[in-house]
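To start, the structure under review is shown below, and the notes come after it.
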Number of protein chains: 2
Amino acid sequence: MTPDSIKKFAAEAAKLPGIGPRQATRIAFYLAREGNKKIASLASALTGLSGLTQCELCHNIMPVSEGKQCAICRNPQRNPTIVAVVEKETDLLSLEKTGKFSGRYCVLGELAKDGLLEPEEKRRLKKLQERAREIKPEGKFNELIIALNHTAYGELGAISLIQEMKPFAKKITRLGRGLPTGGEVEFADEETLGGALASRN
Amino acid sequence: MTPDSIKKFAAEAAKLPGIGPRQATRIAFYLAREGNKKIASLASALTGLSGLTQCELCHNIMPVSEGKQCAICRNPQRNPTIVAVVEKETDLLSLEKTGKFSGRYCVLGELAKDGLLEPEEKRRLKKLQERAREIKPEGKFNELIIALNHTAYGELGAISLIQEMKPFAKKITRLGRGLPTGGEVEFADEETLGGALASRN
């Protein structure tokens, strides 16, 4: 009943983050309805992504044309002894948007819900340890900022990270806990308010 | 900061149904991370969609290779005097899966939230009226089933449809209202329970 090409596209699209089988089918029909011009422009944007690669130092996504290291890792103004560990490229972008961080990054990859590090994540931590060793004379970062989500699996991930990175950083910090800007005391949940109390200044 | 090809893909993907700008960016980074093999297989599935077209009678999506009319419209076993009007191709598929409908369809397109018909939907209704006129001798469908969602805008759409199609159908019906199978009286909302009472049999 459903055309094969709809099924095939829906199966591929359902593997993308946050897209379920129903939405994938809906998108397939939408594109078929919109017609060839729409399909071609999406296909061209999609193919454009193959011009991207990972920075060999921080694993951020960057254009192949820029070489092996991303603009942040190549920038001598950015302090190589202060590194923020984030899960995703979009987390890195959010931190960059604050304009308040002049260190470098390590993009770790999305943590599993059990907080255990996957093989690729372990490989990236090894690379981070190498980066620490290259810092003269102590072979340690001055500061490692664990910028993971303040969620249950983020906590577990942070514990693993601290364990692995302790010998490679003089100081390990985490993002502050507290009331978000614009947040109201009355409506904050207990955990958030507790965090805000503990980090009062 | 964000590579141009990520921005370009995210802008295209954010136009797809149910995908917002944040998720679109996340998908772009995901694909860039997964690499060229993944991108190529999604691109190939995407290009496959250009082999689809709309049935000239019911507007269902069908392979170009099958001609101008879809398998249902070409099937002499399917009663052309009973037509179900649905919003989306996926609604048609859901009705087909029941195995209880042997009439034909009109895929209307997704209704706007104000229930007013858009130009393309009006064009499809005109086509439906033509289909009615071709039925000998009365130029009317025996039954037109309005299979729209039982939501506020579905109600509004149904009113427009009844108005437009009244002269072209001996009988206009709507999908029954009631408790879903497996539904419990205690947990049904008032509207649903009211509908179930009204349609008791």
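Because the structure is predicted, anything quoted here is derived from the model rather than measured. A note on names: the letters A, B, ... follow the listed sequences, proteins ahead of strands, and every chain is numbered from 1.
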For chain A, which residues of residues 19-30 of chain B have heavy atoms nearer than 4.5 angstrom: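 Counting heavy atoms that sit under 4.5 Å from chain A, the residues of residues 19-30 of chain B involved are B:Ile19, B:Gln23, B:Thr25, B:Arg26, B:Ile27, B:Ala28, B:Phe29, B:Tyr30.
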Residues from residues 159-187 of chain B approaching chain A under 4.5 Å (heavy atoms):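 Not one residue of residues 159-187 of chain B has a heavy atom under 4.5 Å from chain A.
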Between [options], the one whose heavy-atom pairs under 4.5 Å with chain A are most numerous:
{"options": "B:Ala32, B:Pro17, B:Ser50", "result": "B:Pro17"}
{"options": "B:Leu42, B:Asp4, B:Ile6", "result": "B:Leu42"}
{"options": "B:Lys38, B:Lys8, B:Glu34", "result": "B:Lys8"}
{"options": "B:Leu16, B:Thr2, B:Leu31, B:Thr53", "result": "B:Leu16"}

Contact class of B:Ala43 relative to chain A, heavy atoms under 4.5 angstrom: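 Contact with chain A: backbone and side chain both.
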Shortest non-hydrogen contact between A:Gly48 and B:Ser5, atoms and distance: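 Where A:Gly48 meets B:Ser5 most closely, the heavy atoms are O-CB, 3.5 Å.
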Heavy-atom closest contact (B:Leu52 atom, A:Pro3 atom, distance):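 Nearest pair, atom of B:Leu52 first, then A:Pro3: CD2-CB, 3.7 Å.
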Contacts with chain B made by residues 101-110 of chain A (heavy-atom distance under 4.5 Å), listed by residue number: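 When heavy atoms of chain B are the reference, residues 101-110 of chain A contributes A:Glu110 within the under-4.5 Å range.
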Residues from residues 82-97 of chain A approaching chain B under 4.5 Å (heavy atoms):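 Contacts with chain B: A:Glu89, A:Thr90, A:Leu93, A:Glu96.
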Interface residue of largest heavy-atom contact number with chain B, from A:Cys70, A:Ser44, A:Ser41, under 4.5 Å: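 Sorted descending by pairs with chain B, the first entry is A:Ser41.
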